[in-house]
Amino acid sequence: MTAPLISVQDLTIRFKTDEGLITAVENVSFDLAPGEILGLVGESGSGKSVTAKALMQLNGGNTVYDPSSKIILNVPGEAPLDVLSLKREKDMIQVRGGAVSMIFQEPMASFAPAITVGDQMVEQLLLHSKMTAKEATDLSVEMLARVGIPDPAKRFKQYAFEFSGGMRQRAMIAMALSTKPKLLIADEPTTALDVTIQAQVIDLMTDLVSEFGMGILFITHDLGVIAQTADRVAVMYLGRHVETGPVREVIRNPAHPYTRGLIDALPKLEDLEAKLTPIPGDIPSPLNRPSGCVFHSRCSVAMEGPCQTLVPGFIEPVPGHEVACHLVEQELRKGAAE
């Protein structure tokens, strides 16, 4: 079998704070294959961005990774690389912007305001390749054109504040793709865009997966976007994966109460007058993580006992579809006994 492009194994991330160590991500594991789009879904505060930034060691200086955590990057033709074993900034150059690129949630905050977009694109190409300045300029203009930016030669010389929101997002995608990474991390890439531009960006990204054979980790809170984009989906809650599987299987047959809550909260096109059904309560603070199943404090079907005290393990209702839920496990056992 082909090795996964990236393999995340038992990733646990804590942050040093004045209040003590805060657990942001706990025992998260997943593989991402070349040419695959994996959706990472959950509410704000679920640990999606912290997980993604760990793949490039972009979390803050107060970050503590558990010794058992591993992030193995498999670039074709090169030896497997444990990203978390790299301790020096210069060692990370081969990963950041080279093998792995990232589209950040807010492109306006990602571009330096006093440097033209073109100069920033050229700088990273000179850093990660042996191109001349002219070759890097030509490729940057070409990539701006590829992502649908009109008059790319003119836009190349402009600053980020001269771009519209949609154009900034496209420029960020062009910049991320110009080094031809093996893995693209897209952190909420369509949140700030109107629906028309959002659809264009999604189509562009799926086309580029086919063309370059890269893998994409697509982070969003919008299951509707994931349904259009991803091959597989992993649902996160308070730093843990609670359900994973093929995107159509998970959306059509959600097994975890949290996943069902996310789907029920979506507007119904067939009944626009229907009231939305929000998940009750708020996501707890990482300082006060619930014991047992982290979702039990908001779960309407939580059972007394195991849900409050025992961390559920993953089980498979159907092959390839995994869920961490005591109730699902109990129902499967009951069905097997009958």
Taking all non-hydrogen atoms of both residues, which atom of [X] and which atom of [Y] are closest, and how far apart?
{"X": "P257", "Y": "C325", "result": "CD-SG, 3.9 Å"}
{"X": "A160", "Y": "F111", "result": "CB-CB, 3.7 Å"}
{"X": "M143", "Y": "L177", "result": "CE-CB, 3.7 Å"}
{"X": "L32", "Y": "G215", "result": "CD2-C, 4.3 Å"}
{"X": "F156", "Y": "S140", "result": "CE1-CB, 3.6 Å"}
{"X": "S46", "Y": "I283", "result": "OG-CD1, 4.0 Å"}

For this session: Decide yes or no on salt bridge (charged side-chain N to carboxylate O under 4.0 Å, His left out) for E329 and K334, but give the supporting numbers first.
Result: CA-CA 9 Å; E329 183 177 11; K334 183 178 180 181; over 6 Å; no
Within this structure, what is the [atom1]-[atom2] distance for the pair [X] and [Y], rounded to the nearest 0.5 Å?
{"X": "L183", "Y": "N74", "atom1": "CG", "atom2": "CG", "result": "11.5 Å"}
{"X": "R260", "Y": "T277", "atom1": "CZ", "atom2": "OG1", "result": "13.5 Å"}
{"X": "M102", "Y": "K53", "atom1": "CE", "atom2": "NZ", "result": "6.0 Å"}
{"X": "L184", "Y": "I216", "atom1": "CG", "atom2": "CD1", "result": "5.0 Å"}
{"X": "S29", "Y": "H241", "atom1": "OG", "atom2": "NE2", "result": "8.5 Å"}
{"X": "R232", "Y": "E249", "atom1": "CZ", "atom2": "CD", "result": "13.5 Å"}

Same cluster (ILVMFWY, side-chain, under 4.5 Å), [X] and [Y]:
{"X": "L5", "Y": "I72", "answer": "no"}
{"X": "L266", "Y": "V242", "answer": "yes"}
{"X": "F314", "Y": "L238", "answer": "no"}
{"X": "L126", "Y": "V117", "answer": "yes"}
{"X": "V64", "Y": "M92", "answer": "no"}

For this session: Give the intermediate values and the outcome of side-chain hydrogen bond (donor to acceptor under 3.5 Å, both in side chains) for residues Q124 and S178.
Result: CA-CA 9 Å; Q124 60 131 16; S178 60; 2.6 Å; yes
For this session: Show your working on side-chain contact (heavy atoms from CB on, under 4.5 Å) between T116 and D119 and close with a plain yes or no.
Result: CA-CA 5 Å; T116 64; D119 282 348; 3.2 Å; yes
Below 4.5 Å, heavy atoms only, C-beta onward: do [X] and [Y] meet side chain to side chain?
{"X": "V233", "Y": "L38", "answer": "no"}
{"X": "C307", "Y": "C299", "answer": "no"}
{"X": "V235", "Y": "H256", "answer": "no"}
{"X": "F218", "Y": "L40", "answer": "no"}
{"X": "S101", "Y": "T179", "answer": "yes"}
{"X": "R289", "Y": "T23", "answer": "yes"}
{"X": "E26", "Y": "I13", "answer": "no"}
{"X": "I279", "Y": "Y258", "answer": "yes"}

Can you tell me if [X] and [Y] form a side-chain donor-acceptor pair at under 3.5 Å?
{"X": "T137", "Y": "E135", "answer": "no"}
{"X": "S49", "Y": "D187", "answer": "yes"}
{"X": "D66", "Y": "S68", "answer": "yes"}
{"X": "Q120", "Y": "Y159", "answer": "no"}
{"X": "E243", "Y": "H321", "answer": "yes"}
{"X": "S7", "Y": "D31", "answer": "yes"}
{"X": "N27", "Y": "T12", "answer": "yes"}

More than 12 heavy atoms of other residues, nucleotides or ligands under 6.0 Å from [atom1] of [X]: yes or no?
{"X": "E123", "atom1": "CD", "answer": "no"}
{"X": "D282", "atom1": "CG", "answer": "no"}
{"X": "E304", "atom1": "CD", "answer": "no"}

Could you tell me whether the side chain of [X] and the main chain of [Y] form a donor-acceptor pair under 3.5 Å?
{"X": "T229", "Y": "I226", "value": "no"}
{"X": "E142", "Y": "L139", "value": "no"}
{"X": "S129", "Y": "L125", "value": "yes"}

For this session: Might you work through the side-chain contact (heavy atoms from CB on, under 4.5 Å) test for L81 and V95, ending with a clear yes or no?
Result: CA-CA 10 Å; L81 175 67; V95 177; 3.8 Å; yes
For this session: Test V8 against every option in L55, T51, V25, V83 by the side-chain contact (heavy atoms from CB on, under 4.5 Å) rule and name the one that passes.
Result: L55
For this session: Validate the cation-pi geometry between R155 and F163: distance from NZ or CZ to the six-membered ring centre under 6.0 Å, angle to the ring axis within 45°.
Result: yes
Problem set entry | side-chain contact (heavy atoms from CB on, under 4.5 Å) between L310 and H326, intermediate numbers included | CA-CA 9 Å; L310 301 176; H326 291 300; 3.7 Å; yes
Problem set entry | Test log, rule salt bridge (charged side-chain N to carboxylate O under 4.0 Å, His left out), inputs K157 and E162 | CA-CA 10 Å; K157 300 176 183 178; E162 298 180 271; over 6 Å; no
For this session: Test side-chain contact (heavy atoms from CB on, under 4.5 Å) on R14 and I22 and set out the steps.
Result: CA-CA 5 Å; R14 298 181 177 91; I22 293 179; over 6 Å; no
For this session: Starting from the C-alpha separation in whole Å, work towards a yes-or-no answer on salt bridge (charged side-chain N to carboxylate O under 4.0 Å, His left out) for R298 and E43.
Result: CA-CA 13 Å; R298 300 174 67 191; E43 294 171 282; 2.9 Å; yes
For this session: May I have the step-by-step check of salt bridge (charged side-chain N to carboxylate O under 4.0 Å, His left out) for D138 and K134, ending in yes or no?
Result: CA-CA 6 Å; D138 291 342; K134 184 180 186 308; 2.9 Å; yes
